[in-house]
Amino acid sequence: MNNLKKTAIKQALNVDQGVEICVKGWVRSARRGKDVSFIALNDGSCIDSLQLVLSPELENYEQLSRVGTGTCLSASGLLTESPAVGQKWELRVAVAQLIGAADETYPLQKKRHSFEFLRSIAHLRPRSNSFGAVFRMRSALSFAVHKFFQERGFIYVQTPIITANDCEGAGEMFRVSTLDAANPPKLNGEIDWSEDFFGERTGLTVSGQLQGELFATAFSDIYTFGPTFRAENSNTSRHAAEFWMIEPEIAFADLSDDCQLGEDFLRYLVTYALENCQEDLDFFNQRIEKGLIDKLEALAKAEFRSITYSEAVELLLIAKQQFEFPVSWGCDLQSEHERYLTEQVFNGPVFVTDYPKDIKAFYMRVNDDQKTVAAMDLLVPRVGEIIGGSQREERLEVLQARMDECRVPQEHLQWYLDIRRWGSCPHAGFGLGFERLLMYVTGMENIRDVIPFPRTPGHAKF
Ligand code: 4AD
Ligand code: MG
């Protein structure tokens with residue numbers, strides 16, 4: 001029996017008939033009785049634990065019946081139909097071995113802990129029910145992201161993490177440098193970046209879009225999926241300094257094609273979760289957000305509404321609700337405005353398109369009215385902006401004029417302009433924040449709780 005290969009608990013719980021198996025995992029709870037002891041063992045393969053039944057005949061019964069929560073052990077025996085409610089199978093243990101002990105100082109004892117507390121033990125929280133479910137969902141949806149694009153013939157491109165340009169033009173980059181911070185080389189009183197590792201000022205990418213566009217004008221349809229960094233000091237529940245973004249870029253496409261792709265993509269991911277992550281979703285539905293599954297099922301069928309920015313402003317101006325930030329045409333929409341639109345007005349997903357050019361990035365295509373650009377944001381209830389995208393400016397002179405207007409130095413972006421010089425074509429794309437998606441699908445309310453090791457201002461410990 002000791003030579004049995006390890007079976008995942010997920011598999012063990014889904015057998016048709018009692019078989020001999022070996023499982024390995026971590027103790028979630030242990031109950032010592034006079035004639036029998038029970039251990040709930042979890043190995044992360046699914047939310048459920050397998051009940052181990054230990055009888056005093058076991059040679060190391062004394063030791064096994066006293067294990068604490070968190071202990072790592074292996075157990076072999078016969079899977080037997082369980083008389084207990086709520087579980088089909090239990091394991092009658094024939095042999096069990098302690099692999100790694102855990103005593104009563106183990107911080108994740110059986111009681112329910114707050115997410116704040118669990119954040120302070122981010123190295124252990126994957127062993128809790130909630131975070132087990134979150135990170136299985138994260139893995140499943142990462143796979144679904146690739147599946148969606150690969151099924152549609154998109155090329156996956158890994159854009160650089162270290163870059164010399166700031167795509168969003170917002171100056172919120174983390175610096176990458178090997179210069180001596182205490183004593184950097186200077187030229188005319190300023191730091192001389194030409195002495196730095198790359199011979200120029202560099203930072204961590206805020207978006208892979210610009211490089212993605214280069215690939216779209218070679219492969220037609222591409223996507224990126226990678227880490228993205230923003231040094232904005234916004235301590236909100238929806239912003240992280242390091243997050244993952246998926247950025248498709250499609251050639252021969254306009255803003256409406258872009259919205260269609262965003263809609264298909266979100267619908268696909270939600271449907272994938274409904275079809276493949278049932279047990280974890282049941283958990284979220286019961287414990288995290290009541291009605292979550294209904295909401296996801298509704299989204300999978302919903303018609304996505306679309307309004308222009310100008311229409312959005314009209315709706316906000318006649319709103320009965322008081323906003324902290326006043327609204328007028330030309331202002332940037334705050335998250336309170338976005339949430340009002342998606343939650344109160346539409347009660348579902350809504351695209352807002354054609355924003356004033358003065359509040360948007362230089363690369364967005366200027367509309368014929370010369371006042372707005374072909375931009376879109378997709379807003380969803382509770383999360384707000386989940387996707388941001390646009391049709392890109394493919395006309396060289398218009399783009400150059402916009403760069404001057406936005407004070408984006410052209411000399412650094414000649415390579416970006418080159419694809420408008422040779423074989424330019426209409427193209428569009430967007431970015432989906434992977435953690436925002438996970439917040440939407442799991443019902444988790446804080447972005448720190450859907451990324452394994454969150455980076456936010458003041459926090460990079462684990
Ligand atoms: O709207 P953003 O800034 O758009 C871009 O970066 C474009 N270059 C995308 C493109 O067109 N290829 O960011 C896109 C999405 C947002 O809608 C949001 O979901 C997410 O990325 N996001 C963040 N997620 C977590 N923490 C942050 N600090 C985020 N900033 C943006
Ligand atoms: Mg945005």
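Each ligand, and each atom within it, is numbered from 1 in the order the structure gives. This chain uses plain numbering: 1 for the first residue, then up along the sequence.
Excluding waters, the count of protein N/O/S atoms less than 2.8 Å from the Mg ion (ligand 2) comes to 1.
In R421, the CZ atom is crowded: over 12 heavy atoms of neighbouring residues, nucleotides or ligands sit closer than 6.0 Å. The neighbour count for F197 CZ, taken as heavy atoms of other residues, nucleotides or ligands under 6.0 Å away, does not exceed 12.
The two residues T353 and L255 have their closest heavy-atom pair at CB-CD2, 4.0 Å.
Put simply, the residue from R448, R238, R138 that forms a salt bridge (Lys or Arg N to Asp or Glu O under 4.0 Å) with E435 is R138. Screening R402, R365, R420 for a salt bridge (Lys or Arg N to Asp or Glu O under 4.0 Å) involving E394 leaves a single residue, R365.
Contacts of R392 with ligand 1, taken as heavy-atom pairs under 4.0 Å, involve the side chain alone. Contacts between H239 and ligand 1 below 4.0 angstrom, taking non-hydrogen atoms only, involve backbone and side chain alike. At a 4.0 Å heavy-atom cut-off, ligand 1 touches I387 through the backbone alone.
By the 6.0 Å and 45° rule, R136 does not stack over the aromatic ring of F131.
In terms of N/O distances under 3.5 Å, ligand 1 is not approached by E249. For I386, a nitrogen or oxygen atom sits less than 3.5 Å from a nitrogen or oxygen atom of ligand 1, counting backbone and side chain alike. For the pair G389 and ligand 1, the shortest N or O to N or O distance does not fall below 3.5 Å. At under 3.5 Å, a nitrogen or oxygen of G433, whether backbone or side chain, sits near a nitrogen or oxygen of ligand 1.
With E247, R230, E435 as candidates, the residue nearest to atom 6 (O) of ligand 1 on a non-hydrogen basis is R230. For atom 26 (N) of ligand 1, the nearest non-hydrogen atom from the set S207, A240, G429 comes from A240.
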Under the side chain to side chain donor-acceptor pair (under 3.5 Å) rule, what do Q410 and D404 come out as? Steps first, then yes or no, please. CA-CA 8 Å; Q410 289 185 36; D404 291 346; 3.1 Å; yes

Start with the C-alpha distance between Q209 and Y363, add both sets of side-chain angles, then the distance that settles side chain to side chain donor-acceptor pair (under 3.5 Å), and finish with yes or no. CA-CA 10 Å; Q209 177 198 324; Y363 51 72; 3.1 Å; yes

From CA spacing to verdict: side chain to side chain donor-acceptor pair (under 3.5 Å), W329, S310: CA-CA 7 Å; W329 199 96; S310 301; 2.9 Å; yes

Run the side chain to side chain donor-acceptor pair (under 3.5 Å) check on E247 and S207 step by step: do they pass? CA-CA 8 Å; E247 294 183 276; S207 160; 2.8 Å; yes

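Residue-ligand proximity, E232 to ligand 1, at heavy-atom distances under 4.0 Å covers atoms 28 (N). Remark: ligand 1 atoms within the under-4.0 Å shell around heavy atoms of R238 are 25 (C), 26 (N). The ligand atoms of ligand 1 that sit less than 4.0 angstrom from a heavy atom of F430 are 9 (C), 10 (C), 11 (O), 12 (N). Under a 4.0 Å criterion applied to the non-hydrogen atoms of G388, ligand 1 contributes the atoms 1 (O), 9 (C), 10 (C), 11 (O), 17 (O).
Between E151 and K147 there is a salt bridge, with a side-chain nitrogen of the basic residue lying less than 4.0 Å from a carboxylate oxygen of the acidic one. Ion pairing of R119 with D449 is present here, as a side-chain N (NZ or NE/NH1/NH2) and a carboxylate O approach within less than 4.0 Å.
Of the N and O atoms on the side chains of E289 and Y440, not one donor lies less than 3.5 Å from an acceptor on the other residue.
Put simply, part of Y363 is less than 4.0 Å from ligand 1, judged by heavy atoms.
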